[in-house]
Protein chains: 2
Amino acid sequence: MPDSPTVGRRERKKAATRQAIADAALELFLEHGFERVSVRDVAERADVSTTTLFAHFPGKEALVFDREADVEAELVAAVRDRPEGLGVVEALRAHALASWVPLAADPRRERFTALVNGTPALREYGERMWMRHAGALSSAIAEELGRDEDDLACAALARFVLEIPALATGRHDPRATVETVFDLLINGWRSQLGPDAG
Amino acid sequence: MPDSPTVGRRERKKAATRQAIADAALELFLEHGFERVSVRDVAERADVSTTTLFAHFPGKEALVFDREADVEAELVAAVRDRPEGLGVVEALRAHALASWVPLAADPRRERFTALVNGTPALREYGERMWMRHAGALSSAIAEELGRDEDDLACAALARFVLEIPALATGRHDPRATVETVFDLLINGWRSQLGPDAG
DNA sequence: GCAGAAACTTGAACGGTTGCACTTATTGAC
DNA sequence: GTCAATAAGTGCAACCGTTCAAGTTTCTGC
């Protein structure tokens, strides 16, 4: 038995059920489209009751974002465990370039990305889910900089950084987009729009 | 008959029905709470069928945001018709201070604001609705500055400015919040976080 | 082994939303 | 004025996401 002994059969079965549901959902959604597949269809394909489905997932949209679980931890870690001497904003820029951009560009994810971006309900759900990390990120930044937990500059920075993926989707060069927006956040719009325009 | 003659009885009745529905909805929501009032309740109080209700409003949440119709036009106008010599960002700051802040602080709106902020579904709907103006605002800014319609600096500015209300709700001094965030947008986080931190 | 917890099932229900077939009121053209 | 066309509104049934209640099966710790 090479596997971890601490995890009992119960937990394993639960995880398997969850996985079966998520797999069934993604399959059906990719084949027929999100809105044309009912939650009952998914449950039937996974061979469980709809009640069980909702015991594992809080809603239909959540079936799609199964795998994006610990993004928040990574986000906070990127700020907290950054290399010495590196600024918070630069750490976030590096994280964005290293984690978000390749993920969004991964050709294996092409169909998945198309599904999400082509379904308004999913796009909005994803963005909202993403934005819910603003509180944690804001706190982490504030703590790193020795400021009040609810410091406005930190809260604003967190929200704006988390808006970047939404800004980047649909643009030809996501990498350049991320770079440019971080430059804007650092230097302000004064530099971009000119002294008269600002 | 002092009223405009061009508007026929049909349109007047339609508007009256719409108003009756919106009034009934707000009354019931304020009294019993958004989630404890069904859309059928609203329809009955307004003395129409639910089918009619949904012919006037695209969804339950929309019943609440009845009056926020031409915000987008005002937003674009604030940029387009700004005083000569005033920068785009400053025009947006002035608009925010003149239009958003007093509205949010209006004591006559207290119960309404409490309803929206106290109901997650309504808060999220409102924010999403708000963000849908990003495209129009971005285009207006770009046109004012003679840039490409999809210029990144303009798109980012639009989204970030529209985030400000969400950032300001729940803070003790909304006016100061708006001022600070605009300063941040203009000067960048470099100035706030220090040269080493940025 | 056994008691109890946890996963799962069945079936029904609720509330938001839409489609359909139908009535009624308003309009514009003649 | 009449009439056909159109738009508003009605009633009803259905679909869908979601939840609840009560019961069954399966695992776990002692």
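A, B, ... follow the sequence lines: proteins, then strands. Residue 1 opens every chain.
Scanning for salt bridge (charged side-chain N to carboxylate O under 4.0 Å, His left out) contacts around Glu143(B) gives Arg80(B), with sequence neighbours left out. Residues meeting the salt bridge (charged side-chain N to carboxylate O under 4.0 Å, His left out) test with Arg128(A), sequence neighbours left out: Glu124(B). With sequence neighbours excluded, no residue satisfies salt bridge (charged side-chain N to carboxylate O under 4.0 Å, His left out) with Asp41(B).
Under the 30°/60° scheme for interplanar angles, the aromatic rings of Phe160(B) and Phe160(A) are found to lie parallel.
Residue pairs meeting the side chain to side chain donor-acceptor pair (under 3.5 Å) criterion with at least one member in residues 111-123 of chain A, sequence neighbours excluded: Arg123(A)-Thr169(A). Within the structure, every pair that satisfies the side chain to side chain donor-acceptor pair (under 3.5 Å) test and touches residues 21-35 of chain B, not counting sequence neighbours, is listed here: Gln19(B)-Asp23(B), Glu27(B)-Arg45(B). Sequence neighbours left out, not one pair with a member in residues 47-60 of chain B passes salt bridge (Lys or Arg N to Asp or Glu O under 4.0 Å).
Within a heavy-atom distance below 4.0 Å of DNA chain D, no residue of residues 122-132 of chain A is found.
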Footprint string (nucleotides 11-19 of chain D, 5' to 3'): B base within contact, S backbone only, - free, heavy atoms under 4.0 Å = BB-B-BBBB
message = Each nucleotide in nucleotides 22-30 of chain C should get exactly one letter: B, S or -. Can you fill that in based on protein heavy atoms under 4.0 Å?
response = ---BBS---
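In this structure, Val76(B) shares a hydrophobic cluster with no other residue, the cluster being traced through Ile, Leu, Val, Met, Phe, Trp and Tyr side chains under 4.5 angstrom apart. Here Val37(B) is tied into one hydrophobic group with Ile21(B), Leu26(B), Leu28(B), Phe29(B), Leu30(B), Phe34(B), Val39(B), Val42(B), Val48(B), Leu53(B), Phe54(B), Phe57(B), Leu63(B), Val64(B), Phe65(B), Phe112(B), Leu115(B), Val116(B), Leu122(B), Tyr125(B), Met129(B), each link being a pair of ILVMFWY side chains closer than 4.5 Å.
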Report all side-chain donor-acceptor pairs from residues 177-184 of chain A shorter than 3.5 Å, counting only partners two or more places apart or in another chain.
unit_1, atom_1, unit_2, atom_2, d
Thr177(A), OG1, Asp173(A), O, 2.9
Glu179(A), OE1, Arg93(A), NH1, 2.5
Thr180(A), OG1, Ala176(A), O, 2.8
Asp183(A), OD1, Arg93(A), NH1, 3.2
Asp183(A), OD1, Arg93(A), NH2, 2.8

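The CZ atom of Arg36(A) sits 17 Å away from the C1' atom of dT18(C) (whole-angstrom rounding). As rounded to whole Å, 18 Å separates atom P of dA6(C) from atom CZ of Arg18(A). Atom-to-atom, NE2 of His56(B) to P of dA8(D) comes out at 7 Å; the value is rounded to the nearest Å.
Residue contacts shown for Asp41(B) are absent, as no nucleic acid heavy atom lies under 4.0 Å away.
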